[in-house]
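What follows is a set of notes on a single structure, which appears directly below.
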Amino acid sequence: VYMLAQRIPKNSFIGTQAGFFVVTNVMKIPVHLWLWKTLDKNTLTLGLYTIPAVALGVLSGIILIRFIPERTLRYFIIAITAVMSIKLLW
């Protein structure tokens, strides 16, 4: 929501959000390895199998975002944020 208030362009918004999630998930890797022990050969193999689906999703998103007006995207993000905030209360 803070990023929306800054009125940055949609491509910068999406790129910043993607970068934030990459950094956040990379920081969780040591915890998954040593504390929770949830990363092993099987989970890494499963992750490798999902690479084509992830690549397809990235390409689909890049193409789709070109057709969504900036105002519509902002309202959609606000609506989804509101719905998820309410869901967190229950």
Side-chain angles (χ1 to χ4, degrees):
V1 175
Y2 172 79
M3 296 284 293
L4 288 175
Q6 298 303 311
R7 298 262 182 221
I8 61 173
K10 69 179 178 181
N11 288 336
S12 296
F13 176 82
I14 293 168
T16 303
Q17 294 299 317
F20 172 78
F21 283 107
V22 166
V23 169
T24 301
N25 287 327
V26 167
M27 289 173 48
K28 292 190 299 187
I29 290 174
V31 176
H32 280 283
L33 278 173
W34 295 303
L35 185 62
W36 296 335
K37 299 190 185 342
T38 54
L39 284 179
D40 57 17
K41 185 179 176 183
N42 292 332
T43 56
L44 293 175
T45 302
L46 180 62
L48 289 175
Y49 285 131
T50 63
I51 288 175
V54 170
L56 182 63
V58 168
L59 291 174
S60 300
I62 290 170
I63 293 168
L64 183 64
I65 199 65
R66 292 180 185 161
F67 299 106
I68 300 174
E70 194 155 333
R71 184 177 174 139
T72 304
L73 180 67
R74 289 186 185 282
Y75 284 133
F76 176 75
I77 292 169
I78 291 168
I80 292 297
T81 302
V83 168
M84 290 298 110
S85 298
I86 292 168
K87 182 169 175 26
L88 282 172
L89 295 175
W90 280 276

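Please read these numbers as outputs of a predicted model, since none were measured by experiment.
- Across all non-hydrogen atoms, the minimal contact from Met3 to Thr16 is CE-CG2, 3.3 Å.
- The CG atom of Asn25 sits 9.5 Å away from the CZ atom of Phe20 when rounded to the nearest 0.5 Å.
- When all heavy atoms of Arg66 and Lys10 are compared, the closest pair comes out as O-NZ, 4.2 Å.
- Going from atom CG of Leu48 over to atom CD1 of Ile51 covers 5.0 Å, rounded to the nearest 0.5 Å.
- Note on Leu4: it clusters hydrophobically with Ile14, by side-chain heavy-atom contacts below 4.5 Å among ILVMFWY residues.
- Residues Met84 and Phe76 fall within the same hydrophobic cluster, defined by Ile, Leu, Val, Met, Phe, Trp and Tyr side chains chained together at heavy-atom separations under 4.5 Å.
- A pairwise comparison of heavy atoms in Glu70 and Ile8 identifies OE2-O, 3.6 Å as the closest pair.
- In this structure, CG on Leu56 lies 12.0 Å from OG1 on Thr50, to the nearest 0.5 angstrom.
- Considering only heavy atoms from C-beta on, Leu39 comes within 4.5 Å of Ile29 through its side chain.
- At distances below 3.5 Å, not a single donor-acceptor pair connects side-chain atoms of Thr72 with backbone N or O atoms of Ile68.
- In this structure the side chain of Ile78 never reaches within 4.5 angstrom of the side chain of Thr81, judged on heavy atoms.
- In terms of heavy atoms, Leu73 sits closest to Ile65 at CD2-CD1, 3.9 Å.
- With hydrogens and angles left out, the side-chain atoms of Thr45 and Asn42 include no donor and acceptor closer than 3.5 Å.
- The NZ atom of Lys37 sits 7.5 Å away from the CG atom of Leu35 when rounded to the nearest 0.5 Å.
- Hydrophobic clustering keeps Trp34 apart from Met27 (ILVMFWY residues linked when any side-chain heavy atoms are closer than 4.5 Å, directly or through intermediates).
- No path of Ile, Leu, Val, Met, Phe, Trp and Tyr side chains, each step under 4.5 Å between heavy atoms, connects Phe13 with Val58, placing them in separate hydrophobic clusters.
- For the residue pair Thr38 and His32, the shortest heavy atom distance occurs at OG1-ND1, 2.6 Å.
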